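The next block holds one structure in the form of structure tokens; read it before the comments.
Everything quoted here is computed from the prediction, not taken from an experiment. Proteins get letters first, then strands, A, B, ... in listed order; numbering begins at 1 in each. Reckoned from all heavy atoms, side chains included, excluding hydrogens, waters and symmetry mates.
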Amino acid sequence: MWRPRPAQKPRSRAKTAAPHWSWLTASLRTSAPKVGRTAHGVGRTVGLMAAYERFAPLPDSAAVRPAALEEQLVAQWREERVFEALQAARKDAPRFVFWEGPPTANGKPGIHHVFARTIKDAVCRFRTMEGKYVVRKAGWDTHGLPVELGVEKELGISGKPQIEAYGVAQFNARCRESVWRYKQDWEQLSERIGYWLDYADPYVTYDDAYVESVWNLLARFHKAGMAYRGKRVLPYCGRCGTGLSSHELGQPGVYRDVLDPSVHVRFQVVGGAHGESLLAWTTTPWTLPSNIALAVHPDQPYVLARVALPVAKGAEKGSAGSEVVWIAQARAQAVLGEHEVLDVKPGKALAGLRYQPLFSADVPFVEPGAWTPDPQGLHAVYTAEYVTMEDGTGIVHQAAAYGVDDWEVARKHRLPIKQAVGAEGRLVCAVGGVAQGTFFKEADEGLTEDLKRRGLLFRKAKDPHSYPHCWRCDTPLFYYAVPAWYLRTSAMKERMIELNKQVRWIPPEIGSGRFGEWLENNIDWNISRDRYWGTPLPFWVCDGCGAEEAIGSRAELEAKAGGLSSTFDFHKPSIDEPHWPCAQCGHTMRRTKSVLDCWFDSGAMPYAQWHWPFGAGRAQAEAQFPADFIAEGLDQTRGWFYTLHAIGTFVQSLPDANFPQGPVYKTCVVNGLILDKDGVKMSKRLGNIVDPWAAVGEHGADAVRWYLLSSGATHLPKRFDPAGILEVRRKFFGTLINSWKFFADYARLGQGFDPARSSPVAARPEIDRWLVSRTQSTIVDVRAKLADYDLAGACRALEQFVVDEISNWYIRRNRTRFWKGEWTADRDACFHTLHAALEAVALLMAPLAPFMAESIWLRLTPNTGSVHAQLLPQAQPALIDRALEDSMQLVVRLVEMGRALRERAKRGIRQPLRAVHVRASDESALALLRTGFASEQILAELNIKAFGSLATDDGGVCRLKAKANFRVLGKKVGGLMKAVAAAIDTLAPESVAQLRAGHTLSLQVEGQRVELAPEDVDIKVETSGDLDVETDGRLVVWIDAQLDEELLAEGWAREVVSRINALRKDAGLEVEDRIALYVQASGERLAAAMSKHAELLRSETMATQLVLGSPAPSTFAQATHDLGAEGSVTLALQKT
RNA sequence: CGGGCAGUAGCCUAGGUGGUUUUGGCAGUCGGCUUAUAUCCGACCUAUCGCGGGUUCAACUCCCGCCUGCCCAACCA
């Protein structure tokens, strides 16, 4: 078995050319099988992986056009089959289970897919680098309406009748083909962004094996009594004989303004004291024969009103008498006009009131399926939250067969369903004098007339309103309860809620909020779709007695049907052929025509991707269950996340399935939408779609990945701004590339740096031990953040380490150590230190920015193979020195203050100054500053000769000032807070000093005594007087900016050194080149300064000869520099 | 009718058991460092923290209502 390699120790390197797998096996120390060596023809050529030279420079394109470098690595990884080999090597390691959510390949991948894939890749790479085996099986979602619509469009046909005419077999063949349209795009983009996935062996939801697994699941649902036939209310076209999807309803021109009847109807209350009726309003009188109930809002007030009956023209008002009606208070004025209120009650008080049905006709009932109807509930008042007061009467007529909300009310109260209008949109029985067979729209008038005749019509009008029409044939649509198959998920609601609590949602609010709420309101899952291209439902129903059989495998079907044709496949129309006699009644068992909701397909992937429970698939699925980690976009909450959860919850209850109890996925990372840079949703119409290829081509995949991961919170909508990617490139990658360049250039110099030479950490200078410590701390930090799925945090920690600590502090502070003088132990030490830091960076960033990490790794430690096959370093706690890290933080803070002071004193950093003074309020800071290390760093960095003073702050320089600590004091003094704060504001510095020394203080505030403890106040220092000080509240710093001849001379010398080195560079000299140097100063004082600091000029510029005061030969590179009032200096140099 | 999330400077962004002048960045201006043409540092610039109420000594933070945007679910008398 492999085991972690010891971190931070030089790896042994094979001096001889390594066999081409050694790069993988060496680092893993595993008995890796010889995967691919023969079968895949790997290694016919020696991989480029082995061809890198140690400390080789990165190509210039790395910064300018990162795509070039990345594309080369993509090719190398592919050619050397790095991913496959890695997977093979990890085969026996403990698993980290990841499930890939299947995309549809009939659309192009967008930038949001890059985001989700980056998250998935980063986590999988990280776990792999922890030594786990992460199966990364690709998958394709291939069924569904969008596929069908695409093909319809392509064929120039539309609607089910036309599909039937075209031929279902051919139609489905086209669908099967069309889902691969963008397969290449997906695979290539995934590879390009470094998303490692096994595309050789993907799961495909239309595959026979996949479908068979899905069947098996459905048959188990059925067997458990969890699948049933019911009704589903959806917009329906009577002429096309089909329901419309919400998508189709969204087509332009579907909703059209039409003039419809608008009728108010009286429902006569049974046993009402005033002979009162309930007043309801509808724009669809044809639904009235199917009325089953009335709905009122539970909390709105309703009035019992007396209103005059309408009179004939010319007759006196009220002469026809009056009537009494119930109506919502909010609607009474608008509907009734003048009226007298007899009673007011909230809606819920009306619940249970019974009324006379409007029509006596025998309207047929239909079986709702989901519940057993209770006839007692018919023709009564119920409450429903959805009732509004915006129009109508606040009393809503309920025809459950023709309205979704109505259906819900009926379901809740187990009401029977009446259905007067059938599937063709025609009356199925004569009612109210209207003939059977009348088209529903044409029944309105007759029905209204009938009601009027019988005195049940209160008012009739025509109202223009928006009504949906079939987008194909223009027929008015109606909502209609169509037969549908359901899964009884509501029966598993409690279990699903319980299991959901064990899922680690990132962010957590998705789990408790959006997903949790959804589960709380769980209703049965409608799984049938009356379409063609989908997994056919494996349910056979007897056309005689209605007996049902669910088929769970191909073999079972074959047995039932007595053989299958040779061209049989698991799709329509072939699947609709097998039939057999019903065991109960002898009639024929025929398959339900519907296909499956394709969300079930994707939710079944944990099982179906392995062909569970058939053959070897059973064990494979069990080994990959449950998922440790999944990640998709927020839009999957009610999609994939739900279907996985629902199916998984059911599957766990199966006695013969060996799936552990618990959540189906343990961690679910949810990413938000990606918007354009102005926060507008990307859409083709607006043309603001970001082409992932363009972004990756311009900035490189690493920069895009890093940008997506590190900017903002993962789950929030993210604005995709190319300027942000550019910034990532410049700041992080640019700095890293430069750090590498710095290291590599000097490491190759002269005899060169050899990591194999030992350099005990304890013997290195403090600044080295500081970086070593920071390296170890960063390992701890980044590993913890990655393990915690805090990818953004990991990015930020690495950014800080690379940019602030490695580049702008360690390298900058130690620049000269890397090139000056001979190779000494000290020089070795700084190389070792930087080497280890870069090594850690390469490893830690590998999951996040796989290309840059690889590029550096292969040059840093050649012959150890891909960075992605390494194990992450283990931090060595012994090398972490907290005190040293704290001390350095203090140094940095002081340096920053010092620089600010220099700035204000107009003293450039090259001008040495005499002294810096520090007052510290706390002793620990003072102690840290007194260490030689800290003061040495500060003085060197600030170019100041000495500490003028370094002492406890006694308030002598700055005024001590106390401010109330509201948080603490507020609890103590409450209402006196304001006065106490004011009193503290005016405290004398001596009193503040008392407090700081730890003494308490007694105050008189508004006649009350208040004891002040040190923790009740924040003590700050206020600058005062003419001394320019800098303070952060704890430290007070000022500098002595006075110059004398000596300091000036050194300042000029340093200025000149800088100019000489700039000239060296301009002249194209290499850093290791030695020079002959001429320096000629224009004035007396300058010349004196130059000769005084001749040694400085020589050593800092690698000059072997220095001539002062004479003109240089004309072959020398020359430059003259003005040093202000003092004159100018002419420089000349030449390589020796 | 619903469920969820969010509204903080010209722009983006952080903040939480309420505590006074809240964070970081971008853009802009000026200056500094660098034998690493990447960065970095300093100064300036800048918010009645969506609106209205309430609770409190104290509200960006908690409560109520509203407005706006987005996502999901819907599309109904």
Side-chain angles (χ1 to χ4, degrees), chain A residues 63 235 246 249-250 255 280-284 287 295 297 384-388 391-399 402-406 468 479 509-510 513-518 520-521 633-635 637-639 672-673 675 677-679 681 711-713 715-717 719 721 723-724 727 729-743 745 802-804 807-809 811-812 815-816 819 895-896 899-904 906 908-910 963-970 973-981 1057-1058 1060-1066 1069-1071 1100-1102:
Chain A
S246 58
L249 221 54
Y255 277 91
W281 172 69
T282 183
T283 52
T284 53
T287 61
H297 193 280
E385 298 275 343
Y386 82 87
V387 174
T388 66
D391 46 24
T393 62
I395 301 176
V396 181
H397 139 67
Q398 300 288 293
Y402 308 105
V404 180
D405 290 323
D406 309 35
Y479 277 77
E509 57 265 30
I510 303 281
R514 185 180 283 221
F515 195 68
E517 294 288 340
W518 164 248
E520 290 287 350
N521 298 321
L634 189 62
D635 53 346
T637 309
R638 288 171 185 193
L673 226 77
L675 310 172
K677 71 176 173 57
D678 300 316
K681 201 177 162 181
S711 71
H715 66 288
L716 293 180
R719 297 185 181 202
D721 184 0
E727 197 186 323
R729 269 177 72 187
R730 284 202 340 253
K731 285 182 122 141
F732 180 65
F733 290 101
T735 301
L736 180 59
I737 288 166
N738 266 286
S739 299
W740 171 259
K741 181 171 151 54
F742 180 91
F743 168 82
D745 283 353
V802 168
V803 176
D804 296 342
S807 175
N808 282 308
W809 194 254
I811 294 183
R812 217 170 50 80
R815 244 181 259 123
T816 52
W819 57 266
V895 164
E896 281 168 9
R899 283 205 280 245
L901 289 164
R902 288 194 84 110
E903 175 88 16
R904 288 202 290 274
K906 300 253 182 290
I909 200 79
R910 284 186 213 106
K963 289 193 91 178
N965 183 340
F966 282 73
R967 191 189 288 258
V968 176
L969 260 179
V973 304
L976 235 49
M977 191 62 231
K978 276 199 170 113
V980 173
V1057 165
S1058 168
I1060 296 167
N1061 282 328
L1063 184 58
R1064 277 184 62 117
K1065 203 167 181 183
D1066 288 347
L1069 298 189
E1070 299 296 328
V1071 285
E1100 293 295 319
T1101 63
M1102 305 269 272

Practice task
First locate atom CD of A/Glu1100, then atom OG1 of A/Thr816, and finally report the distance between them rounded to the nearest 0.5 Å.
Solution key: 6.5 Å
Could you check whether [X] gets within reach of a base, just the sugar-phosphate, or nothing at all, counting any heavy atom under 4.0 Å?
X	result
A/Ser807	base
A/Ile737	nothing
A/Lys1065	base
A/Glu727	sugar-phosphate
A/Asp745	nothing
A/Arg902	nothing
A/Leu969	nothing

Hey, does the side chain of [X] come within less than 4.0 Å of [N]'s phosphate (OP1/OP2), counting only N and O?
X	N	answer
A/Lys906	B/G31	no
A/Arg812	B/C41	no
A/Arg815	B/U34	no
A/Lys731	B/C40	yes

Completion exercise
side-chain contact (heavy atoms from CB on, under 4.5 Å) filter on A/Glu896, not counting sequence neighbours, yields A/Val892, A/Arg899
Partners meeting salt bridge (charged side-chain N to carboxylate O under 4.0 Å, His left out) with [X] (sequence neighbours left out):
X	value
A/Arg812	A/Glu941
A/Lys731	A/Glu727
A/Arg910	A/Glu1055

[atom1]-based separation of [M] from [N] [nearest Å]:
N	M	atom1	result
B/G18	B/C33	P	48 Å
B/U23	B/U34	P	31 Å
B/G25	B/U39	C1'	15 Å
B/A73	B/C51	P	32 Å
B/U61	B/U55	P	15 Å

Could you list, one pair per line, each protein nitrogen or oxygen that sits under 3.5 Å from a nitrogen or oxygen of nucleotides 55-62 of chain B, together with the distance?
from, atom 1, to, atom 2, distance (Å)
B/C57, N1, A/Gly974, O, 3.4

Practice task
Could you work out which one of B/C33, B/U35, B/A36 sits closest to the side chain of A/Asn738?
Solution key: B/A36
Exercise for the section: Look at the side chain of A/Thr735 against the base of B/A36 and say whether a donor-acceptor pair falls under 3.5 Å; ignore hydrogens and angles. Expected result: no
Handout entry: Closest non-hydrogen atom pair, A/Thr282 against A/Thr287
Key = OG1-OG1, 4.3 Å
Problem - Heavy-atom pair of closest approach, residues A/Gly908 and A/Arg902 - result: O-NH2, 2.7 Å
Assigned partner base of [N], Watson-Crick or wobble definition, under 3.5 Å:
N	value
B/C70	B/G4
B/U34	none
B/C44	B/G28
B/C62	B/G54
B/G18	none

Tabulated below should be each protein N or O lying under 3.5 Å from an N or O of nucleotides 42-46 of chain B; please produce it.
none

Handout entry: Beyond-backbone contact of A/Ile811 with A/Ser739, side-chain heavy atoms, under 4.5 angstrom
Key = yes
